[in-house]
Amino acid sequence: MANGALSVDTEHLFPIIKKWLYSEKDIYLREVLSNSCDAVTKHKRLVSLGEAAESETPYRIDVRVDKEARTITVSDNGIGMSEAEVEKYINNIALSGAVDFISKYEGEGGSGIIGHFGLGFYSMFMVADKVTMETKSYTDAPAVLWECTEAGAYEMQPGTRTERGTEITMYLMEDEEAYLSADALKPILEKYCSFMPVEIYLHDGEKEELINETTPLWQKNPADCSDEEYKEFYRKQFHDYTDPLFWVHINADYPLNFKGILYFPRRKNAFDTQESEIRLFYNSVFVADNIKEVCPEFLINLKGVLDCPELPLNVSRSYLQNDAYVRKVSAHIVKKVSDRLNFLFNDNREEFEKNWEGFKPYIQYGCIKDSKFNDRAKGVILFEKATGGWSTLSEYLEDKEEGTVYYTTDPKAQSYYLDLYAAKNIPVLVFDTIMDTNYAQFCESKNDKVKFRRIDADLDAIKGEGETDTASLEALFKAAVGKEDAKVSFVTLGKEDAPALLSVSEESRRMAEMMRMYSMQGEGDFSFPVEEILTVNVGSPLVQKLQTLPEGDEKASRIAKHIYLSAVMLARPLTPEELRAYVALNREILMAL
Ligand code: ADP
Ligand code: MG
């Protein structure tokens, strides 16, 4: 048996770093600047520990481009390096000074130091064929001038720098011309470095411009942030001129350790389906856009920022999908969003109701998709009442866990039925989107003691007491419907009410709707006949008159037919055949007057 440590030949490693380590070339700037930030953060830390003297100049990072010399220079007044440190941290690829520093001075977590892997430094060679670095440690160690070519050959010699800090100069390769202007660097810096913790200045000739906001809103304590600050951050980051509906500021400490702000955008109209836009940061350094993986899929239209210092900087999507930490972050977001919804609901119901329609579809969808979210958020789901106002399910059921919920899908078309429910003081909810119906079915699946019934599904709720002998009428009305197997039933409604109403069983209607949807999706023609039931009102004087007419009377069958067609009209549009029959029937009746 033999043991040993694998050795690495830089000559072979360099091309790999250049080609494969980073999917995007631009990130060399992120890496250089994050090292500069770290250098400053480390110095601050040493000052606070009393191990280094207070800085005499403000901490800053400067980025300069020299077109003639074909160089980009990044300089900082951070901790700097001694010759031994350059030897250790730079000349050793994949040895992270950041990790070393954290273990020495920080203990566990929360250091804000960006470095991790000890590879970032060499990402410069994706664009440069030569890099020089002059660095002077905060100690009295002399300055070092270091130079390295893309072949991985370096030279070190004493430098002339007298001020603490590091200056790195990248000599760009032939075909990396495009980077050689402040205008070209600015968008890259803005993308990755907008929130880095040390002021970054980009120089363009005589001008210098501050690139970043060193304390991003999400890093602040929520108690110290005003509504206006949240709104402004949203407008600026997501270029949305309308204010968001609400937001959640997450500040999770141990064990989860992540921060972020998530916004619910206001929809401009019903068709405005906004894609989520969640930006992932790592200690205030931008990592990636549209990270659906960290946010539950159902929160599809959220916009926001998440800062997850437990994720490595160079995360890939496939990594995120399988990461346990990411799943926990996602679960925590679900909890926070539902907490916030409950808070808004309880804090100002009126305001909540005003905004409800803006996020209703997402919340309902979320509840259907994620039962944990449903458990937490179901209490705030509002249904519109046909008489105006809003009601939660438990308000409708008067806090009982069972009962029937009546709803209308079209208050105008179903207005006759609506009036009957109103007369009995039975509240009716308005379902005006497919999502309402889907959510209702979902509620039924969660609790089989709660039933949702459209107001024309069965007329049990509105019928009166009392039975009448109806045997003689049954045949008459079956004939009026014109079907051998027509379903006819008898109830008592008021004298003034319609002599008959049509109803369609909830199950049969839902089935038909489902089939219609499949057909619409082009999956063949699945028309499904709905079963209409003719419910005759034996309390109606007209029906009572019918009972007095002798069997086989021509008048009786005309009256029954008219009653039937009128009932159809209250329920749905007449078919062309029914319409013709109705017009003919009316003519006959009027002629007989
Ligand atoms: P990481 O940042 O993950 O530690 P890098 O390859 O980016 O790895 O950098 C390696 C090390 O080089 C850093 O940890 C740090 O010790 C040192 N270093 C790089 N840039 C600077 C700088 N501007 N000032 C001081 N030290 C630096
Ligand atoms: Mg680094």
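When a ligand or atom number is given, it counts from 1 through the structure's own listing order.
Remark: ligand 1 and Tyr122 share no N or O pair separated by less than 3.5 Å (distance only, no angle test). Inclusion of Asp76 in the set of residues having an N or O under 3.5 Å from an N or O of ligand 1 is warranted. Considering both main-chain and side-chain atoms, Glu31 never comes within under 3.5 Å of ligand 1 through any nitrogen or oxygen pair. Residue contacts with ligand 1: Gly120 is placed with a nitrogen or oxygen under 3.5 Å of a nitrogen or oxygen of the ligand (distance criterion only).
Less than 4.0 angstrom separates some heavy atom of Ala39 from each of these atoms of ligand 1: 24 (N), 25 (C).
Taking a cutoff of 4.0 Å between a charged side-chain nitrogen and a carboxylate oxygen, Arg60 and Glu208 qualify as a salt bridge.
The aromatic rings of Tyr263 and Tyr234 sit tilted, their planes meeting at an angle between 30° and 60°. Classification of the Tyr28-Tyr179 ring pair by plane angle, with boundaries at 30° and 60°, yields perpendicular.
The residue from Asp62, Ile211, Asn212 that alone fulfils the side-chain contact (heavy atoms from CB on, under 4.5 Å) condition with Tyr201 is Asp62.
Aromatic rings of Phe238 and Trp247 (six-membered ring for Trp) have centroids beyond the 6.0 Å cut-off, not under it.
Counting heavy atoms under 4.0 Å from ligand 1, residue Lys42 touches it through the side chain alone.
For the Mg ion (ligand 2), the set of nearby N, O or S atoms under 2.8 Å includes one belonging to Asn35.
Of the candidates Val32, Asp100, Asn35, it is Asn35 that places a heavy atom closest to atom 20 (N) of ligand 1. Counting heavy atoms only, Met81 comes closest to atom 26 (N) of ligand 1 of the residues Met81, Glu85, Met133.
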Kindly list each side-chain donor-acceptor pair under 3.5 angstrom involving residues 369-376, sequence neighbours excluded, with atom names and distances?
residue: Asp370; atom: OD1; partner: Lys372; partner atom: N; Å: 2.9
residue: Asp370; atom: OD1; partner: Phe373; partner atom: N; Å: 3.0
residue: Asn374; atom: OD1; partner: Tyr439; partner atom: OH; Å: 3.4

Donor-acceptor contacts, no H, no angles, side chain residues 135-143, under 3.5 Å, sequence neighbours left out:
residue: Thr135; atom: OG1; partner: Met81; partner atom: N; Å: 2.8
residue: Thr135; atom: OG1; partner: Gly165; partner atom: O; Å: 3.4
residue: Thr135; atom: OG1; partner: Thr166; partner atom: OG1; Å: 2.9
residue: Lys136; atom: NZ; partner: Thr139; partner atom: O; Å: 3.0
residue: Lys136; atom: NZ; partner: Ala141; partner atom: O; Å: 3.0
residue: Ser137; atom: OG; partner: Thr139; partner atom: N; Å: 3.0
residue: Ser137; atom: OG; partner: Thr139; partner atom: OG1; Å: 2.7
residue: Thr139; atom: OG1; partner: Ala141; partner atom: N; Å: 3.3

